[in-house]
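Written out below as structure tokens is the structure these notes cover.
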Amino acid sequence: MSSERQQFRVLYRDFLFRLVDVELLSAAGDVPKLLGQFGAALAAFSLTISLVTFPALARSGLPYGKLIGAVRLEQEFLIATTMAIAGLFTVLAWNAVFPDRRDSLVLGLLPVRVRTILMAKIAAIGTALGVSIAAVNIFTGLLFPFLATGPGLLTPLRSLGAYWLVMTLAGLFVCCSLLAIEGLASHLLNYRYFIRFSSFLQLTAFFANLAMYFLKPSFAIAGSSSIWWRKLPSFWFCGLLQVLNGDSAYPFGELAGRALWGLAITVSIAAITLSLAYAMSMRRMVEQPDIPPGMRVSGTPVIARLLRRQFDRAILMFTARTLARSRQHRLLLAAYAGIGLAIALAYARDFLYGTPSIDPLYRDLQWNQVNAPFLVGSLVLLFFAVIGARAVFAMPIALTSNWIFRITAVYSPAAYSGAVRKSLYAVATVPIWLFSAALFVAIWPFEYAGPHLAVLLVTGILMVELSLYRFRKVPFACSYLPGKAKVHIRLGTTGIFFLAAANIGVRIEYWALHKDTRIEVLIAILLVGAVLAHRRNLEFSRSPANLLQFEDLPLEELTSLDLRSEQVWSGETAYLDTPPATEPRPQGSGA
Amino acid sequence: MLELRNVTKRYPGVSAVRDVSFAARAGEVTGYLGPNGSGKSTTMKMITGLIDPTEGQILFHGEPIGRDRIRYRQRLGYVPEEPQLYPHLTGAEYLEMVGQLRGIDAGPLAEKIDGFLRLLWLSDARYVPISSYSKGMRQKVLLAAALLHNPELVLLDEPFSGLDVNSALILRDLIRELAARGKVVLFSSHELETVERVCSRVVILHKGRVVANDSIEQLRALMSLPTLEGIFSQLAIEQDTAAITQQLLQVMEL
């Protein structure tokens, strides 16, 4: 085996495992296992669609003309889903595609050709993208091509080939579009400014990808409006699929042309920018620092006015700075916010296309009058912001640096708990509430906007208190077991239950908003819940046995031994903010 | 006075520190020496309270450090062996956070931070994230964080690591001055020449046990050796260093 080929193999394997930032899912996680879980989740989606939609279409008994129309609807949906997954993959791999300082510093010293590095990187991206596309189509791709095929022995085979080719090209189009944008930015901007702007681009790409998927009209809705035909890439590729299947009638020929032109342009730009980045930028970026020269951007004076205690400011500023500067934490929070936004947008779709609904709450909607989609949307955004921030708080930023929190822990766990609560309000509840306040006061009569904002405020307090139950950590300063990636799945499940509850809650709120006494009772009930949850958290944090937690342990290993030696805890501990307790209070006693 | 009485730290299958006893007095700089893996940093971490001893007691001014950990933490300043800092914060932000966590008032804290950054030549980098700092700059931030609250007990684990000559000279004088002002200073380093200049007493650790605990003059006289390096070689180095050098060259040329 030649030296270059061996280098290619080594680099290919390394790039492949570094492509998606698995730290997002779990610190020091098992890479193949996590990627396997990701692939399994996509395959499960494909299986569900196959089990639900395929039999319904296959046994529909529709005449060929109508069946082909229904099949096209599904094909467009599958193409759009494939494109969304390819977009998601590209966003996750954002920082691994173009060369960074680490590549330059490590590989620049070794006798490896730039060409070999570039080829290994392209091969790694291609493999991961191919696996994502294959996983999300693994069942649908074996069934749907055989629906409504024409006569002849070779036609089903042609349909199968066309399906997989179009899915691959559609995924490649999205991937190359995003890489082209990133590549152009990397060449137009100085490297050290590019790495800052790149984070913004990455988040924009993430939200744009989600918004496009959830807000775009379906093939059926767009049928009446030619504007959508020409503008949406998923429609172009659906047109290409029809052409490859032998139907070149208007507008499929035109759409196929757009798909091929779009693909040619994006692939060319991505290829050129990627090649140039490897050929020209690797040496240049070694000469420049990763971080631009410092400039003072500080919200400290504002924070100082809002929070009187120095200690509260320390926790809040640490939280805000970590979220603002850690790509890993910011992306994970963006993922939660993105899910919330996607669901909120899915509700708002009704305003764009006027989809008829059998539910009276979602019928004859007017955006400038109180309406259910906006009520649910604001609640959903608030919920995902709170659980997202709470989940992100549990992820460490630099485990080896946590010693400073241990050594400086001179305030009580109750003080830490209070500071963490304020931080959660500041980064999750307050921004969503302020955004909602600006929106609803602007578009709705105040008699509805005011009470809804009050409901949102109290619900926000309740969510924060519930999410912090038994939380004894400093944000970003506790170890995180690899298995905790499942926490995100559990939170996702909670999200599904929340959506069901939110739908019911919004019906109650909509009903209550039309009478003052009803809404007052609703707010009072929520307020009582919030106060009770707050008291429960206070009791927990004031219990002397509940010390700050810096090491994550599986629950089964946590056994209360009620130790009172000096090494564990002492009821006589005098924190800066509390006098020493003479008698240790049992957990759960009165506040 | 900081006192360790028969301190042992055992991990499953290995004893990192065995039956260590010594005292570090106020007004003195006590050197804590030993080869790599001898248990120096483990002892330092036990003294900070980051880890607990398996056996034995650690006392500060006659009181077990676990009796009132909060008060002890307020009196302790620690520079760890590795410059582990939050890389996304700037030097000034890190010091501000440490000061706020320690409960220092905003006014004095701002003055202290300005002073430390200016005197340690970090003013130009005060708004630059620590991820961009050199090892020496990080070491200076650690030193400032350790001294921010005017501690009574100063633990310095390899504090000269990465420092330039100028900063090292200042730190050497600073360590002596801290002791002169009545602080208890425990100083661990591999730079024997510096230890010889700065410390009044040394404790030498080998394979987790104390093999020497005396003033440098006394050790010189006892062992009839002119330098601390000679004493250290005799007590803590078992291998033939010249032979190992030759073996390394042979491996390289394989």
Side-chain angles (χ1 to χ4, degrees), chain A residues 192 289-298 300 304 307-318 321-327 329 397-412 415-416 419 474 476-477 550 565-570 572-578 580, chain B residues 45 48-54 57 63-78 80 82-94 96-107 109-110 124-133 142 145-146 148-149 151 155:
Chain A
R192 52 191 193 164
D290 257 340
I291 309 290
M295 55 179 178
R296 188 168 189 180
V297 182
S298 173
T300 310
L307 297 176
R308 287 189 179 175
R309 283 205 307 184
Q310 283 276 82
F311 172 73
D312 289 340
R313 284 180 223 164
I315 301 293
L316 175 58
M317 291 310 292
F318 181 66
R321 283 167 178 153
T322 305
L323 285 177
R325 296 173 195 171
S326 163
R327 186 178 54 84
H329 292 84
I397 177 147
L399 279 178
T400 50
S401 307
N402 290 345
W403 62 273
I404 194 70
F405 278 110
R406 294 177 182 232
I407 277 197
T408 55
V410 293
Y411 284 92
S412 67
Y416 277 89
V474 177
F476 320 111
F550 289 99
S565 84
E566 64 180 37
Q567 306 298 359
V568 181
W569 64 270
S570 162
E572 294 168 3
T573 303
Y575 294 104
L576 278 193
D577 57 318
T578 55
Chain B
K45 283 178 187 157
T48 60
L50 285 173
I51 56 175
D52 293 323
T54 314
Q57 267 194 317
E63 193 175 288
I65 61 168
R67 183 167 292 169
D68 186 350
R69 277 190 194 263
I70 306 306
R71 188 151 171 264
Y72 179 66
R73 281 175 191 154
Q74 285 176 280
R75 299 195 284 180
L76 169 73
Y78 172 51
E82 293 290 329
Q84 304 287 9
L85 298 155
Y86 287 109
H88 64 295
L89 300 181
T90 69
E93 285 167 359
Y94 185 81
E96 182 188 55
M97 184 185 82
V98 172
Q100 287 173 335
L101 290 172
R102 288 194 176 280
I104 303 173
D105 289 336
L109 178 61
D124 289 344
R126 69 178 294 152
Y127 302 127
V128 176
I130 289 169
S131 55
S132 301
Y133 282 18
L142 281 175
L148 205 58
H149 57 299
L155 302 176

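Letters A, B, ... are given to chains in the order of the sequence lines, protein chains preceding strands, and every chain is numbered from 1. Remember, it's a predicted structure, so these values are computed and weren't measured experimentally.
Checked by atom type and distance alone, the side chain of A:R321 never pairs as donor or acceptor with a backbone atom of B:H88 at under 3.5 Å. Side-chain atoms of A:W403 never come within 3.5 Å of backbone atoms of B:P80 as a donor-acceptor pair (strictly under, hydrogens ignored).
Interface residue B:L85: only backbone heavy atoms are found under 4.5 Å from chain A. The parts of A:I407 that come within reach of chain B are both its backbone and its side chain, each placing non-hydrogen atoms under 4.5 angstrom from that chain. No part of A:S326 comes within reach of chain B, as not one of its non-hydrogen atoms sits under 4.5 angstrom from that chain. For B:Y94, the part lying near chain A is the side chain, with the backbone staying farther off; criterion is any non-hydrogen pair under 4.5 Å. Both the backbone and the side chain of A:N402 come within contact range of chain B, each with at least one heavy atom under 4.5 Å from a heavy atom of that chain. Residue B:D124: no heavy atom, backbone or side chain, is found under 4.5 Å from chain A. Interface remark: B:P87 contributes side-chain atoms only to the contact with chain A (heavy atom separation under 4.5 Å). Interface residue B:L142: only side-chain heavy atoms are found under 4.5 Å from chain A.
Contact record, B:R73 with A:A409: NH1-O, 2.6 Å, taken as the closest heavy-atom pair. Across all non-hydrogen atoms, the minimal contact from B:A106 to A:R313 is CB-NH1, 4.3 Å. Considering all non-hydrogen atoms of both residues, B:I104 and A:Q310 come closest at O-NE2, 2.9 Å. The minimum heavy-atom distance between B:L101 and A:V410, with the atom names listed, is O-CG2, 3.4 Å. When all heavy atoms of A:A314 and B:Q100 are compared, the pair lying nearest together is CA-OE1, 3.1 Å. Shortest non-hydrogen contact noted between A:R325 and B:E93 is NH1-OE1, 2.5 Å.
Taking the six-membered ring for Trp and the full ring otherwise, B:Y86 and A:F476 have centroids separated by 6.0 Å or more.
If you take CE on B:M97 and CZ on A:F311, they are separated by 11.0 Å, rounding to the nearest 0.5 Å.
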